[in-house]
Protein chains: 2
Amino acid sequence: MTIITSKANSLIKKLKIIAKKYRQHSYLIEGWHLFAEAQANNADIINIFVLERYASRVSEFPNIVLVSEDILKDLSASKTPQGIVAEIAFPKQVLPQQFFGKYLLLEDVQDPGNVGTIIRTADAAAFDAVFVSEKTADIYNSKTLRSMQGSHFHLPIYRVDLLSLVNDLKNAGVTTIATTLSDHSYDYKSLKKVENFALIMGNEGQGISSEMAEQADILTHITMPGRAESLNVAAAAAIFIFSLI
Amino acid sequence: MTIITSKANSLIKKLKIIAKKYRQHSYLIEGWHLFAEAQANNADIINIFVLERYASRVSEFPNIVLVSEDILKDLSASKTPQGIVAEIAFPKQVLPQQFFGKYLLLEDVQDPGNVGTIIRTADAAAFDAVFVSEKTADIYNSKTLRSMQGSHFHLPIYRVDLLSLVNDLKNAGVTTIATTLSDHSYDYKSLKKVENFALIMGNEGQGISSEMAEQADILTHITMPGRAESLNVAAAAAIFIFSLI
């Protein structure tokens with residue numbers, strides 16, 4: 001057990017940078033719920049920062065750092081970090097050798113809250129993996145983590161070249177289903193259920209790219225009888241995801 | 001046309017308070033998209049605050065106030081208010097004399113982003129009205145307005161005593177369908193379609209109240225085969241809303 005009382009401590013300074021933006025090897029989670037998820041799913045917990053009064057709750061861990069409320073707030077995105085922040089190593093990512101299952105692909109989805117909510121929905125629907133494009137919001141952003149509610153501990157998330165992945169998926173016999181904002185495609189209610197598929201959601205404003213629209217097996221949309229011009233991408237994703245299972 | 005150059009101007013001071021929290025008769029919208037929606041739907045536009053360089057775009061209106069970027073930022077929740085903020089009068093709310101149609105009821109949904117997204121989804125699905133409980137997040141909060149994307153101009157939103165409304169709806173022959181977090185209810189995929197219904201969504205953490213669960217005609221849930229403990233309420237609402245139409 002270590003005790004750190006100064007904000008100028010080099011570990012704290014390093015982690016404040018990780019908390020804000022520059023994450024290369026690790027990220028921070030806040031609160032007891034996410035910490036329990038990390039533990040239950042054998043995440044690699046590098047450091048545990050707790051207030052002294054909670055130390056007994058994590059006494060079985062070797063890597064505890066006792067900090068003040070002030071320091072904990074500095075490591076946290078929320079005003080009330082619930083007494084615990086933990087540094088978690090990025091999971092080692094090895095792409096699947098074979099593709100079969102239910103996949104979610106996010107092409108340039110920008111809002112962290114949307115990305116997190118969509119991954120949480122895919123987790124609830126027992127999807128097997130998530131693949132995000134290079135320009136999709138950071139998975140380890142505090143807002144993404146908050147809306148994922150620990151789902152990144154339940155299913156693997158890969159950051160890949162999405163167009164080349166779609167090619168591989170098609171070669172493996174996985175039906176690639178891209179969602180569009182226009183109605184020049186199949187209504188989602190008319191799609192036949194398949195066992196192996198990849199659902200592709202696009203950017204909030206632009207939708208999927210034209211390259212993706214060309215490459216995907218099926219284009220689908222949600223018919224909207226009302227007056228809203230579009231759906232929030234996380235709302236649309238929820239409708240697609242649960243219609244496919 | 002008026003020109004205001006001082007932040008100490010009494011109208012600006014009054015509207016800064018409206019922008020923040022205390023709204024009794026009017027609220028503020030930002031950006032050209034929402035302004036166009038307000039205009040297209042005959043909202044009562046009290047004042048239009050614009051930068052001088054945009055004045056020609058709104059020259060047909062009598063109630064234009066030219067302001068500086070600084071003042072506009074003070075009236076706005078976003079850092080880039082796109083050159084326009086408008087003060088809109090609360091719509092006059094008269095409850096329907098008769099109930100028939102598709103209704104959305106929100107019981108104590110707390111997050112403004114969730115409330116806005118759910119109303120936008122109900123609008124996309126051509127619901128006829130939205131009723132929110134006293135404790136549901138403010139409809140005219142800037143975050144709610146941003147996620148609604150103008151849907152409050154498309155369908156009426158009433159703040160009411162929800163339990164008493166449910167009673168009236170039942171008496172009018174509207175099927176009241178309350179959504180639950182537990183699975184001691186009907187899976188939503190097994191529900192028969194009805195013409196006149198009210199979908200009731202509950203609070204993010206607690207779900208619907210026990211009084212509501214007792215009063216509603218049908219309890220329904222989303223079966224989740226995966227590992228996420230729950231769905232985001234706006235994601236769940238999207239699944240329910242589009243399954244019912």
Side-chain angles (χ1 to χ4, degrees), chain A residues 33 36-37 40-41 101-102 104 111-130 143 146-155 181 187-189 204-205 221-245, chain B residues 33 36-37 40-41 101-102 104 111-130 143 146-155 181 187-189 204-205 221-245:
Chain A
H33 173 73
E37 285 277 2
N41 293 283
K102 304 182 198 322
L104 169 70
D111 180 79
N114 284 338
V115 169
T117 302
I118 299 173
I119 294 175
R120 178 178 170 194
T121 307
D123 177 23
F127 273 41
D128 296 288
V130 176
K143 286 181 193 159
R146 198 180 315 139
S147 25
M148 276 197 299
Q149 299 257 323
S151 285
H152 66 298
F153 293 126
H154 301 159
L155 81 180
L181 303 175
D187 182 280
Y188 77 104
K189 289 192 177 176
E204 284 89 346
H221 71 271
I222 297 167
T223 303
M224 297 182 296
R227 292 185 57 204
E229 284 167 25
S230 64
L231 287 164
N232 165 277
V233 65
I239 295 167
F240 285 120
I241 287 170
F242 272 82
S243 78
L244 288 167
I245 65 166
Chain B
H33 173 72
E37 285 278 1
N41 292 284
K102 304 181 199 324
L104 169 70
D111 180 80
N114 284 338
V115 169
T117 302
I118 299 173
I119 293 175
R120 177 179 169 193
T121 307
D123 177 23
F127 273 41
D128 296 288
V130 177
K143 286 180 192 160
R146 198 180 316 140
S147 20
M148 275 197 299
Q149 298 257 323
S151 286
H152 67 297
F153 292 126
H154 302 158
L155 81 181
L181 304 174
D187 181 280
Y188 76 104
K189 290 191 178 178
E204 285 89 346
H221 70 272
I222 297 167
T223 303
M224 298 183 296
R227 292 185 57 205
E229 283 167 26
S230 63
L231 287 165
N232 164 276
V233 66
I239 296 167
F240 285 121
I241 286 171
F242 272 83
S243 77
L244 286 168
I245 64 166

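Order of the sequence lines sets the chain letters (A, B, ...), proteins ahead of strands, with each chain counted from 1. None of the values given here were measured: they were computed from a predicted structure.
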**Student:** Heavy-atom distances under 4.5 Å only: say whether A/Asp111 touches chain B with side chain, backbone, both or neither.
**Tutor:** neither

**Student:** Which bit of B/Tyr188 comes within less than 4.5 Å of chain A, counting heavy atoms only: side chain, backbone, both or neither?
**Tutor:**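 For B/Tyr188, the contact with chain A is made by the side chain alone.
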
**Student:** So for A/Thr117, is it side chain, backbone, both, or neither that comes closer than 4.5 Å to the heavy atoms of chain B?
**Tutor:**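 Side chain of A/Thr117 only, per the 4.5 Å heavy-atom cut-off to chain B.
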
**Student:** Report, in residue-number order, which members of residues 225-235 of chain B are under 4.5 Å from chain A by heavy-atom distance.
**Tutor:** B/Pro225, B/Gly226, B/Arg227, B/Ala228, B/Glu229, B/Ser230, B/Leu231, B/Asn232, B/Ala235

**Student:** Can you give me every donor-acceptor pair (side chain of residues 236-245 of chain A, partner residue at least two apart or in another chain, under 3.5 Å) with its distance?
**Tutor:**
| residue | atom | partner | partner atom | Å |
| --- | --- | --- | --- | --- |
| A/Ser243 | OG | A/Ile239 | O | 3.4 |
| A/Ser243 | OG | A/Phe240 | O | 2.9 |

